[in-house]
Structures are given as structure tokens and as C-alpha cells.
A.B. asks: 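Structure below; questions to follow.
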There are 2 protein chains.
Amino acid sequence: MNIQQIKYFLILAQELHFWKTAERTHITQSALSRQIQALERELGVQLFERDKRNVKLTSAGQFLKEKWEVQINELEFFHEHARQIQLGESGTIIIAHPDSISASLMPDMLSSIASAYPKLNIELVQVRYEDQQEFLRNYKVDLVITRDINKTDDISSEQIATDYLSIVVPDSHPFQSVEDLTKETLDSQKFILPIKDEGSSYSDLIQQLFRAYNVVPNAYLHSEFGSAIISLVKKGLGIAVLPTSYMWHETPGIRFIALPYQTDLFLNWRVNDHHPVLNNVLKLILKR
Amino acid sequence: MNIQQIKYFLILAQELHFWKTAERTHITQSALSRQIQALERELGVQLFERDKRNVKLTSAGQFLKEKWEVQINELEFFHEHARQIQLGESGTIIIAHPDSISASLMPDMLSSIASAYPKLNIELVQVRYEDQQEFLRNYKVDLVITRDINKTDDISSEQIATDYLSIVVPDSHPFQSVEDLTKETLDSQKFILPIKDEGSSYSDLIQQLFRAYNVVPNAYLHSEFGSAIISLVKKGLGIAVLPTSYMWHETPGIRFIALPYQTDLFLNWRVNDHHPVLNNVLKLILKR
DNA sequence: ATTCATTAATGTAATATAAACATTAGTTCA
DNA sequence: TGAACTAATGTTTATATTACATTAATGAAT
């Protein structure tokens, strides 16, 4: 059984048309027809019901389509990761991080990695909160920096920095310091807040902040991108609660009012990873 | 890339010897050598470091060994399940159940399935508590009857019966009814108990029972097999707490003292399963 | 009805791949 | 130094896969 055959099957299962599939896969229709037949013969399972006119998945075919799609996709990432292990110091590692620390934690960390491994490629990506674990587990990313601890059987998590929440206001705003924040002054504000991620400790922290002031925030705008939130604050569309790290972006026109609410940053990685460079990078980051 | 090649790789990764592997796989050493080379070429990854004397996995090879082992194994079960879907009513479904209900719930349930699907094969297996979810998820079993609710995103769970705990004593034992059970009488007993499954509600229930009598049971023997426990009770090695269902096994020489502790039985299955017969069997069981 | 377009399967020949067998070239150990 | 071992490779043969052309069945259009 050939992985190529399974890929042909998956495209045919989508197209349900031998000619179109043959075109998409750059083989002739006859070759495709025979490959599918060979696959069916070897499996002992009829995958399609076909007459001279129509092609349709059988129940067993539908089942295998769903399973194979997932597996083949996972396989590709495994193979890519194996290549990166082989490339070692001249390969690529992929780091997911929150935008908030782009100008604070990241630059230092990256320059220390880069000077230790000058030929190493580093890809920086942002991954949605709910995808972080899956991406790490399936080798779509190698390291994830989060504001939540993620320790599970197969993911290790360690705190690497602490940060605080700040109220972010435009320069022209009356709020100058923490003393200006009361239930009364906050109640009259419009807030731009992050999209609430259930179960995220960062979300919880913001909830906690408002509860402390006994305020239900008037939040009419939500965004998961801090930089978008900052732009909106600057334009006077509301005020926001963001990690203090954003201050290092040095955006003109806004003011940060630091609050005593701590939000830790964690580094997350797969336990027992075989990537030797990745393991060394890990040591490098955690040792500091 | 061929699945057969990956299987060759996995055996070679275990044997680390081309001749032995060739023998085990029933091909010649030259064929094996070239298959591994082809695999390495197509992947773009060197899997083994080899000289004229030794064969050794590379880091990338070690990584792929671990991942492929899992994936290929999962694939085999998917293919087998696809064949069972195709076989339909003349295929096989695999049901895992606790031994306790072998003589009570199971006979009725099985005869109703068997009369509705006379050509259907049914395999009965026992699966350890901690493997139940994984076996169901990976198509190693099709239905699981448990004493715990298992509802997750991909597993449905529904109560199908209730059962009670009983104290099981040999015929010669002084305990005759619930009234004989007190902290004092229980403290002097030796108990044969199930192996404690952390987080299992059945385990919890037994704990709860002893707590109600303020007793820390003197349990020197543990077994996960109820039938073994019954044999031991019969021989006078101790008394036990078991589901009342075991009474239907009608083992002579022992006595059941029913307790007012309820332990529900749940049927668990994969949501969105494509097996048409399995879905019908499910309806059949749940409708009663 | 008849014709035409569509489409999956198949016969055939050319090509590519994979196998067994025999041999080679290092390596280890006595 | 030679024997045993072992992975790789050259060679030949068998098998599998491809492209091309054709077939057979179906449905739509006239």
C-alpha cells in the first residue's frame, strides 16, 4: 500500500470524478483508475461505488477518508520534523509567541539564540490559544510561549518571565495613575478587550481585575490582536487592558498605567523531543 | 513512499541487522537494503548510520521510529474497521464489558442483538479501566460497558442499567444480613478488594462504603478479576465487595449481602461512527 | 429515435521498479 | 594473515505502472 495511492484516494474522494482527479494529480485517468483498484484490492475494501456515470464513496470509504486525511496530514509534519532534526543547526525551529512580548522578551531571547546558533533558522508564528497544544503535539511548532501553564503528560511548561497588566489610554485621557481608577471612573469607560478564551488564565486575570473594582466593563469591541487594540485606543475608540510588555513597542500617542496584576509567561515544549538543537535552545532559554 | 517500506524500517530499527531483518521479512538482504535506501531518498532523511559492520538509528530515524510505530499500528485498526463496515451484518463487532455482568445484563443483551442480526459476529473482551477510552477511540473495540460515565467530545455515554454493591462472604460466614455489618464486625474482617483505579467512580463508591462505616479495610489481597475474587472468598481467604450482578453467576458456596450502594452501568460508543450495523445495534440496546 | 458528449474501465506496449542471485569491499577477530 | 561477517551493488529477470487508444455504458440534446 502506497502513501501516494492514499493521496490519490483523498483527492478522488473530494472530486468524485476520475478525470478531474487525474488532471489534479498529473497522471492519466487510466493510471488513476488502476491505482484505486489496486488500493481497494490490497485493503479488501471497496472504497467507491461507481457506474459508468457516477462516483460515490462507500461507508467504508467515507470512514477511511476521514481517518486517512488526519493521518496523512500528521505524517507530513513528522517527516518535515525529521528533516529538521537532520539539518540540525542549519535547520529551522518554529516558535509561537504572543504579540505582547514582540518588543520585550523576544528580541533578547532571539538574539541569544541567534548568536549561539548563527546558521539556525527561526520562524516566528502566532497560534490561537485553543490550537497551541495541538500544534505543539503534532510538530507544527516547536516552542510555544504562553501566558498559561500547559503541563500535560507530553508537554512541559516552565515559567520564564513575569509581566503585569496595564490600563492603556490615549495621551489625551484623564487617567494618569492607578489612583484615578475607581468603580465610578471605570464604569463610564468604553473598553476594548481581548476575545475571551474560556479557561485561559490570562482571561481569568482580566475578569479578576474588573471584579476587584466591582465593575462590569462596557466592552463593545473585542480583538485577539494587541496591536489592533493599541491602534484603536490611540484613535480614541476606547481604553484597554493589556500586558505591560506592549509598552516596549513604544507606540506614540498612548499611555500605560501599570497595575499590580501579575501575568506570568511560560515556555512550553514537547517532553522527550529528539531535536538536538531544540534541546540545546531550550537549555539556553531556561538557563538565563 | 510505501507502507511496506515503513514496516521494513520498523523491523530493521528493532533488529539493527540487515540479514536478520531480511529473514524476518522474507525478502533478501539486497532487496531490503534497497528499500531502505529508497525510503531514505524519498524522505530526504538518513535513517540509519551504517558501516560495513554496524547499523544504528540516527536521531531523525529514532524520531520517525516512534511516530511511525504508533501511526502504522493505528492504520491497521482503521483498515480492519473499514473491512468490518463493508461486511456489515456478517461482520464482527467487539464489545468490552465488566465480568460482573457476564451472567446478568450480557446474556439478554446479546440474545437480542443475535436475534436481530443472526449473521453478526460478536467478540466479547475485557479491557482495563485505563485503556477503555483509547481502545474505543482507536477502533480496537466498538462498544464498552463501564461503571463510569465516559462522555468526551468523541465518546458518547448513556446509562443502560443500575446495579448495587454486595458484601460477598463464604456460606459458613457469620454475616447474614446488612444488620450484621458494623464498624466492629467489619474491622475484624480480611478483605479481598479490586485494584484501586484512581478516578474510577466504582472505586470511589467502595471507598465511600467503608467511609460510611468508618472502617479502613484490612485488604491484603487485590485482584481486578471478580471471578478470581469469588474463588478466593469461597476458599475462605477473606470477604469481598462486588457488584450484586455477580450473584447471577450462581456460584455455590458463597452468599451475597446486598447493600444500598448503587453503581450504574453505562454504554459507551464513538460519536459519529460510520458502521451502519453498529449504529443499529446501538439503537437496539438503548431502546429497550 | 438518434446522435453526441461524458466517463470509468481495459487491452496493449513501453517503461520503470523491485526482486533474487552472485559478488564485492570493508571490518573484526582469532 | 586468513576466516567470518555484513552492507552495498552489478546483473538479470520478473513484476508493476504508465500512457495511449479504445470500449462500453449512460444521459442529454435534437
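Letters A, B, ... mirror the listed sequences (proteins, then strands); counts begin at 1.
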A.B. asks: Looking only at N and O atoms, is any donor in the side chain of B/S33 or the base of D/dA7 less than 3.5 Å from an acceptor on the other one?
C.D. replies: no
A.B. asks: So for B/R50 and C/dG26, does any side-chain atom that can act as donor or acceptor lie under 3.5 Å from a complementary atom in the base?
C.D. replies: no
A.B. asks: Could you give the CZ-to-C1' distance, from A/R41 to D/dA16, as a whole number of Å?
C.D. replies: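 So the two atoms are 10 Å apart, to the nearest Å.
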A.B. asks: Using a strict cut-off of less than 4.0 Å between a Lys/Arg side-chain nitrogen and an Asp/Glu carboxylate oxygen, indicate whether A/E134 and A/R137 qualify as a salt bridge.
C.D. replies: no
A.B. asks: Among the nucleotides C/dA20, D/dT18, C/dA8, which one has an atom lying closest to any side-chain atom of A/H17?
C.D. replies: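 Nearest to the side-chain atoms of A/H17, counting from C-beta on, is C/dA8.
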A.B. asks: Identify whether the distance between the nearest side-chain nitrogen and carboxylate oxygen of B/E69 and B/K7 falls below 4.0 Å.
C.D. replies: no
A.B. asks: With a 4.0 Å cut-off on heavy atoms, is B/D51 in touch with a base, just the backbone sugar-phosphate, or nothing at all?
C.D. replies: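 Sugar-phosphate only.
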A.B. asks: Apply salt bridge (charged side-chain N to carboxylate O under 4.0 Å, His left out) to residues A/D264 and A/R147 and explain how you reach the verdict.
C.D. replies: CA-CA 6 Å; A/D264 294 330; A/R147 293 186 181 275; over 6 Å; no
A.B. asks: When you get a sec, tell me which of C/dA18, C/dA20, D/dA8 is the closest nucleotide to the side chain of B/T28?
C.D. replies: C/dA20
A.B. asks: Could you tell me how far apart A/N2 (CG) and D/dT18 (P) are, to the nearest whole angstrom?
C.D. replies: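 Roughly 9 Å, once rounded to whole Å.
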A.B. asks: Before accepting this row, confirm whether a basic side-chain N of the pair B/D131/B/K140 lies closer than 4.0 Å to the acidic partner's carboxylate O.
C.D. replies: no
A.B. asks: Rounded to whole angstrom units, what separation is found between the OH atom of B/Y8 and the P atom of C/dT17?
C.D. replies: 17 Å
A.B. asks: Which nucleotide wins on minimum distance to the side chain of B/R34, given the candidates C/dT7, D/dT9, D/dA7?
C.D. replies: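 So the side chain of B/R34 is nearest to D/dT9.
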A.B. asks: I'd like to know if B/E224 pairs up with B/R128 as an ion pair, taking the criterion as any Lys NZ or Arg NE/NH1/NH2 lying under 4.0 Å from an Asp or Glu carboxylate oxygen.
C.D. replies: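 Looking at B/R128 together with B/E224, the answer is no, because their closest N to O distance does not fall below 4.0 Å.
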A.B. asks: Is any side-chain N or O of B/S30 under 3.5 Å from a base N or O of C/dC21, one able to act as donor and the other as acceptor?
C.D. replies: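 Counting by modelled atom types and ignoring angles, a donor-acceptor contact under 3.5 Å is found here.
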A.B. asks: Touch check for A/Q29, heavy atoms < 4.0 angstrom, all strands: base, sugar-phosphate only, or nothing?
C.D. replies: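 Result for A/Q29 = base.
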A.B. asks: With a cut-off of less than 4.0 Å, is there a side-chain N or O of B/Q37 near OP1 or OP2 of D/dA7?
C.D. replies: no
A.B. asks: What is the separation between atom CD1 on A/I27 and atom C1' on C/dA16, rounded to the nearest whole Å?
C.D. replies: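 It is 15 Å, rounded to the nearest whole Å.
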A.B. asks: Pick the nucleotide of DNA chain D nearest each of A/H26 and A/N54; which residue has the one closer to the 5' end?
C.D. replies: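 Nearest nucleotide further toward 5': that of A/H26.
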A.B. asks: Using heavy-atom distances to pick each residue's nearest nucleotide on DNA chain D, tell me which of B/F18 and A/L32 is more 5'.
C.D. replies: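 Here B/F18 is the residue nearer the 5' end.
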